[in-house]
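See below for the structure under consideration.
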Amino acid sequence: MNTDNIQNPAEEESRPLNFIHQIIEEDIRNNKNESRVHTRFPPEPNGYLHIGHAKSICLNFGTAAKYNGLCNLRFDDTNPAKEDTEYVDSIMEDVHWLGFDWGDNLYYTSDYFEQIYRFAEKLIIKGKAYVCDLSADQMSENRGTPTRPGNESPYRNRSADENLDLFHRMRAGEFPEGARVLRAKIDMASPNMHMRDPILYRILYASHHRTGDTWCIYPMYDFAHGQSDSIEGITHSICTLEFEVHRPLYDWFINELEIFAPRQIEFARLNLSYTIMSKRKLLELVMEHFVDGWDDPRLPTICGLRRRGYTPESIRNFSEMIGVAKRDNIIEVSALEFCIREDLNKRANRAMAVLNPLKVVITNYPEGQVEYIDAINNPEDETAGTRKVPFSKELYIEQDDFMMDPPKKYYRLAPGAEVRLRYGYFIRCTDVIRDSNGAITELHCTYDPLTRGGNSPDGRKVKGTIHWVSAAQAVEAEVRLYERLFLTENPDDVPEGADFKSNINPESLRKVTGFVEPSLMNAHAGDTFQFERLGYFCLDPDTSSSKLVFNRTVPLKDSYARSEKTEKK
RNA sequence: UGUCCUGUGGUGUAACUGGCAACACAACUGAUUCUGGAUCAGUAGAGUCUAGGUUCGACCCCUAGCAGGACAACCA
């Protein structure tokens, strides 16, 4: 391995390095660890991954790829009470879906339980760890506070032999849960709370999803993470900011154990406006049925975004775009939406769908006639080809595309006005039919037969083009329209005593029944489309042979709606 | 009243390690368009938390403040 690759500007362009890559390049220049770069993504299998994890996944796997290194997937499974293989499976699925591959480098912290146990023995023998019999409450009391030093445990000065014996018996299952713990002997007066004789091992009679009942003592995060990194030869252990205060402890263990020293680097976790990222709160939303499961398309979980219609590429681009730094941040959702629109614009086939139907009868069109019109699948991609769309006397258009008394800059249909039906004909509205309550039930229009395909031989222009479906051939579909899950930009920011759930948007999901063009009947779950003039949609797995279900991924930008809004102000 | 971290346009990230602040998103204007989309061209918006200091010169270095965040689970 050499450093050539980092100076290769061919594809890297001159995009500035983030601070982590600056550190890495400096390490490479100094030939630290023979210029090897080895990272890891270390989730605890106790929940589903969300877009914040995606940032970390892209960072870790992306960094390894950038520097021709390796990235491990390691399950940090030291707390059997909370972990489960269900989560292991979903995490592997999500990482793969995002487009990353750990190859043979799949590990579990539980693989190292025996070795970590030996590490503990070594500390005991060195006089750097002791078995403590204090209860959880007593220990908490003795720990002091950030501004007040703690008190030393009365068990702190047991002999190494006694500690070793007690520790062995802890493992042998001689003591009940909570009776004893193994602690490091550091400094009860340290200004860093994590250095006040932290717990290394606790007794837990819980069955572990991988080691079963082999163990009844389990190492704590701090005593497992750095050592696992060390065992795997991780050179750069990248984690989020809250572990910054753990770093002195991380380094202390590595140093006392005299083992390979990875370097922990912390970055600011991702926050997205109008949503939450905390696993605990996500779980709450799922358990209390504010959403319909972990893959609810309103959730920022990877599986939720997938179901919503987000592509792996869009999420990877997003991760790249938001950057990596140490200051707290809240990224605007519009940045995420930009990424998915940018991606889908290039790859999603177009289709026509009417979500709020208004019937249109073409009075001068032959009764019973159906013709099939060519429509372009994707104007951004010539290779996508064309398809046939049926046209007939009775159509549906969008209610929004007709106005009785249109304002100045309304380009759509109105009494007497002419518009183009996309890929179809020019039509002019001649009559408005109402029911006994005065509500508009249908429109009568005439079409100009010479404008087939959408152009007039006399060079006549129309300003508006609207989408439509043929009533007889259109297929009914349930369309789920999602809005942001929360009303406020930062749902976590609530007044004293209030709950983040008080900020939930009661209208985050609206289901409508609309009509889609018949070609969509052949779609498969997960397929994405642009419904012309409406937005990007994907076929939901809830679709059955009797019912199509679409999710709106994101609406199209709508500068007309925006200008309307500002005019009303 | 402790330790650690962080303060740059609305948002996020940069600034060749001291040479008068750039890029993206968002916003706005115009052109173009059979999607009020996309595309193209352009406009506006910060003088870098504050006060001192060093320097010919400070976003960058020093000092003192201020503001925000993390840390007191037998969680990770």
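Chain naming here is simple, since letters A, B, ... match the order of the sequence lines and numbering starts at 1 in each. Excluded from the calculations below are hydrogen atoms, water molecules and symmetry mates; all remaining heavy atoms, backbone and side chain alike, are included.
With rounding to whole Å, Glu242(A) atom CD is found 16 Å from rG68(B) atom C1'. Between the C1' atom of rU35(B) and the CG atom of Asn349(A) lies a distance of 15 Å, rounded to the nearest Å. Atom pair Lys346(A):NZ and rU39(B):P shows a separation of 10 Å (rounding to whole Å applied). When rounded to the nearest whole Å, the span between CE of Met321(A) and P of rG12(B) equals 12 Å.
Contact annotation for Tyr201(A): no contact, since no heavy-atom pair falls under 4.0 Å across all strands. Note on Asn455(A): a base of the nucleic acid sits closer than 4.0 angstrom, heavy atoms only. Within 4.0 Å (heavy atoms only), Arg420(A) reaches at least one base atom of the nucleic acid. Counting non-hydrogen atoms under 4.0 angstrom, Leu556(A) reaches a base of the nucleic acid. Residue contacts for Glu332(A): at a heavy-atom cut-off of 4.0 Å it reaches a base atom on one of the strands shown. In this structure, Tyr410(A) reaches the bases: a heavy-atom distance under 4.0 Å links it to at least one base atom across the strands shown. Among the heavy atoms of the strands lying under 4.0 Å from Thr145(A) is at least one base atom, whether or not backbone atoms are also near. Base contact: Arg412(A) has a heavy atom under 4.0 Å from a base atom. Base engagement by Ala136(A) is indicated by at least one non-hydrogen atom pair under 4.0 Å involving a base atom. Residue Tyr218(A) is out of contact with every strand shown, counting any heavy-atom pair closer than 4.0 Å. Here Pro42(A) lies out of heavy-atom contact (under 4.0 Å) with every strand. Contacts of Ile322(A) with the nucleic acid, taken as non-hydrogen atoms under 4.0 Å apart, involve only primed sugar atoms and P, OP1 or OP2. If you check every strand for non-hydrogen atoms under 4.0 Å, Ile330(A) touches sugar and phosphate atoms only. Among the atoms of the strands shown, none is found under 4.0 Å from any heavy atom of Glu489(A).
Two rings, from Tyr425(A) and Phe391(A), have their centers less than 6.0 Å apart. Remark: aromatic rings of Tyr396(A) and Phe515(A) are close, center separation under 6.0 Å. Aromatic ring centres of Tyr250(A) and His246(A) lie farther apart than the 6.0 Å criterion allows. For Tyr310(A) and Phe318(A), the ring centers sit 6.0 Å or farther from each other. In this structure, Phe113(A) has its ring center closer than 6.0 angstrom to the ring center of His208(A).
Annotation: cation-pi geometry not satisfied between Lys326(A) and Phe267(A) (NZ/CZ under 6.0 angstrom from ring centroid, within 45° of ring axis). Seen from the ring of Tyr117(A), Arg171(A) counts as a face-on cation partner, given the 6.0 Å and 45° thresholds.
Phosphate contact (OP1/OP2 of rC4(B), side-chain N/O of Gln264(A), threshold under 4.0 Å): absent. Within the 4.0 Å cut-off from OP1 or OP2 of rU35(B), not a single side-chain nitrogen or oxygen of Arg350(A) is found. Residue Arg269(A) has no polar side-chain atom (N or O) positioned under 4.0 Å from OP1 or OP2 of rA70(B). Contact annotation: Arg327(A) side-chain N/O to rU13(B) OP1/OP2 distance is under 4.0 Å. An OP1 or OP2 oxygen of rG37(B) is reached within less than 4.0 angstrom by a side-chain nitrogen or oxygen of Ser559(A). An OP1 or OP2 oxygen of rC25(B) is reached within less than 4.0 angstrom by no side-chain nitrogen or oxygen of Arg341(A). The phosphate of rA76(B) has OP1 or OP2 within less than 4.0 Å of a side-chain N or O from Thr78(A). Arg148(A) has no side-chain polar atom (N or O) that falls below the 4.0 Å cut-off from OP1 or OP2 of rU3(B). Between Lys463(A) and rG36(B) there is no side-chain polar atom (N or O) within less than 4.0 angstrom of OP1 or OP2.
With a glycosidic angle further than 90° from 0, rG10(B) counts as anti. Under the 90° criterion around 0 for the glycosidic angle, rU6(B) counts as anti.
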Exercise for the section: Any chance you could encode RNA chain B as dot-bracket? Rule is Watson-Crick or G-U wobble with both distances under 3.5 Å; [ ] for pairs crossing earlier ones, | for another strand. Expected result: .((((((..((((.....[..)))).(((((.......))))).....(((((..]....))))))))))).....

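Stacking between Tyr560(A) and rG36(B) is present: the aromatic ring centre lies within less than 5.5 angstrom of the base six-membered ring centre, and the two planes differ by under 30 degrees. For rG36(B), the base is stacked against the aromatic ring of Tyr411(A), per a cut-off of 5.5 Å between centres and 30° between planes.
Nearest-nucleotide mapping onto RNA chain B: of Leu134(A) and Glu380(A), the residue sitting toward the 5' end is Glu380(A). Nearest-nucleotide mapping onto RNA chain B: of Pro191(A) and Glu532(A), the residue sitting toward the 5' end is Pro191(A).
Distance from the side chain of Met220(A) is smallest to rC74(B) among rG69(B), rC74(B), rG37(B).
Using a 4.0 Å cut-off between a side-chain N of Lys or Arg and a carboxylate O of Asp or Glu, Arg387(A) and Glu517(A) qualify as a salt bridge.
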